[in-house]
Protein chains: 2
Amino acid sequence: MNQNIERISRILINNNIKPSFQRIKILEYLLENKKHPTVDEIYVSLHPEIPTLSKTTIYNTLNLFLESGIVRALNIESSESRYDPITDQHGHFKCDHCGSVYDFPVNFENIKSNKFLEGYEVKEKDVILKGICKHCKEN
Amino acid sequence: MNQNIERISRILINNNIKPSFQRIKILEYLLENKKHPTVDEIYVSLHPEIPTLSKTTIYNTLNLFLESGIVRALNIESSESRYDPITDQHGHFKCDHCGSVYDFPVNFENIKSNKFLEGYEVKEKDVILKGICKHCKEN
DNA sequence: AAATAAAAATGTAACAATTACAAAAAAAGT
DNA sequence: ACTTTTTTTGTAATTGTTACATTTTTATTT
């Protein structure tokens with residue numbers, strides 16, 4: 001447990017972010033539960049452990065993480081942003097029925113090799129699929 | 001001009017949508033200016049010609065179009081939805097600098113052939129790239 | 001260790017996109 | 001022409017997010 005906190009602190013420090021308690025907990029949550037949570041989900045999950053936690057802090061922290069590039073925002077649904085720690089490249093499948101967001105591997109090379117994008121500097125890529133997931137199909 | 005309206009009326013009728021003036025104008029705007037406009041952009045553009053036009057009508061109409069599948073919503077930025085008439089499949093490149101959204105062709109077959117998505121019903125696909133566009137690069 | 005300065009966290013209010021809802025206007029049916 | 005249904009409209013409510021001032025915590029200096 002303590003080792004985990006040290007590991008996460010190191011990630012923050014490496015990105016020039018002071019490892020405060022809240023920041024550690026928020027990043028830990030993102031890394032442990034790879035659920036692409038919304039701000040509200042983070043808040044509800046961490047609030048029991050950190051009763052003074054404010055949503056503004058979560059917003060501030062996530063924006064800080066975004067600037068440093070340790071997380072990225074997923075705008076799958078227009079009504080809410082979800083947050084994803086940046087690891088390997090992958091696409092996202094959102095189930096219209098249960099609302100879950102699943103990761104799946106994507107070969108971005110096929111997309112990049114495109115004449116139409118010559119001269120364009122691509123910084124961020126995402127593949128978003130929507131539909132009904134396997135689990136919902138089966139029920 | 002009149003032919004255009006007839007053409008657009010027919011699209012609506014084919015999708016079981018009564019071709020009211022507002023609906024025709026909104027769909028016409030989407031089809032003519034392929035700019036992936038926001039609701040506000042549609043409103044500002046059509047308001048001079050239709051002074052009584054209400055944003056609620058635009059929202060209602062777009063939701064109607066979404067249900068019928070003649071347009072789809074692009075959630076590139078979390079703060080706003082953009083709307084795109086459905087034609088051929090293509091990806092979207094959004095320039096972080098000038099804000100423009102460019103279309104580019106995408107071969108979705110490369111993405112679909114994926115073991116991880118077996119059993120999943122994919123209804124909607126999008127590839128979203130962000131970065132700096134050619135025009136902004138040159139300046 | 002106490003005092004001071006700087007950074008981070010917090011709560012409230014403001015904001016903007018969207019939706020809910022009821023009333024007004026227009027269109028369709030009788 | 002009258003009634004019913006559909007469409008449009010304006011206002012108010014809702015929700016995710018940001019702005020901002022205050023409080024708390026952390027770091028620095030004496």
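These numbers come from the heavy atoms of this one structure, side chains and all, not from hydrogens, waters or symmetry mates. The shown structure was predicted, so the numbers you read here are calculated from the model rather than taken from an experiment.
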Atom-pair distance ([atom1] on [X]; [atom2] on [N]), nearest Å:
X: A/Gln22; N: C/dA7; atom1: CD; atom2: C1'; value: 12 Å
X: A/Leu62; N: C/dA8; atom1: CG; atom2: P; value: 15 Å
X: A/Leu64; N: C/dA7; atom1: CG; atom2: C1'; value: 11 Å
X: B/Tyr43; N: D/dT9; atom1: OH; atom2: P; value: 10 Å
X: A/Asn63; N: C/dA7; atom1: CG; atom2: P; value: 19 Å
X: B/Leu53; N: C/dA25; atom1: CG; atom2: P; value: 16 Å
X: B/Tyr59; N: C/dT19; atom1: OH; atom2: P; value: 7 Å
X: B/Leu46; N: D/dT9; atom1: CG; atom2: P; value: 11 Å

Does A/His36 offer a backbone N or O that forms a donor-acceptor pair with the side chain of A/Arg82 under 3.5 Å?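 The answer is yes, because a donor-acceptor pair under 3.5 Å joins these two groups.
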The side chain of [X] lies closest to which of these nucleotides: [options]?
X: B/Arg23; options: D/dT8, D/dG10, C/dT18; answer: D/dT8
X: B/Asn60; options: D/dT8, D/dT17, D/dT6; answer: D/dT8
X: A/Thr57; options: C/dA9, D/dC20, D/dT9; answer: C/dA9

Taking the six-membered ring for Trp, are the ring centroids of B/Tyr120 and A/Tyr102 within less than 6.0 Å of each other?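 Between B/Tyr120 and A/Tyr102, the centre distance is under 6.0 Å.
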Considering heavy-atom distances to DNA chain D, does B/Thr52 or B/Ser78 have its closest nucleotide positioned more toward the 5' end?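 Result: B/Thr52.
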Do NZ/NE/NH1/NH2 and the carboxylate oxygens of [X] and [Y] come within less than 4.0 Å?
X: B/Glu121; Y: A/Lys137; answer: yes
X: A/Glu6; Y: A/Arg10; answer: yes
X: B/Lys130; Y: A/Asp126; answer: no

Report yes if a side-chain nitrogen or oxygen of A/Thr56 is closer than 4.0 Å to either non-bridging phosphate oxygen (OP1 or OP2) of C/dT12; otherwise report no.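 No, because none of the side-chain N or O atoms of A/Thr56 sits under 4.0 Å from OP1 or OP2 of C/dT12.
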At under 4.0 Å between heavy atoms, what does B/Lys18 touch on the DNA or RNA strands: base, sugar-phosphate, or nothing?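 Since only primed, P, OP1 and OP2 atoms lie under 4.0 Å of B/Lys18, the category is sugar-phosphate.
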Describe the nucleic acid contact of B/Ser20 in one word from base, sugar-phosphate, nothing, applying a heavy-atom distance below 4.0 Å.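 Counting heavy atoms under 4.0 Å across all strands, the contact made by B/Ser20 is with sugar-phosphate only.
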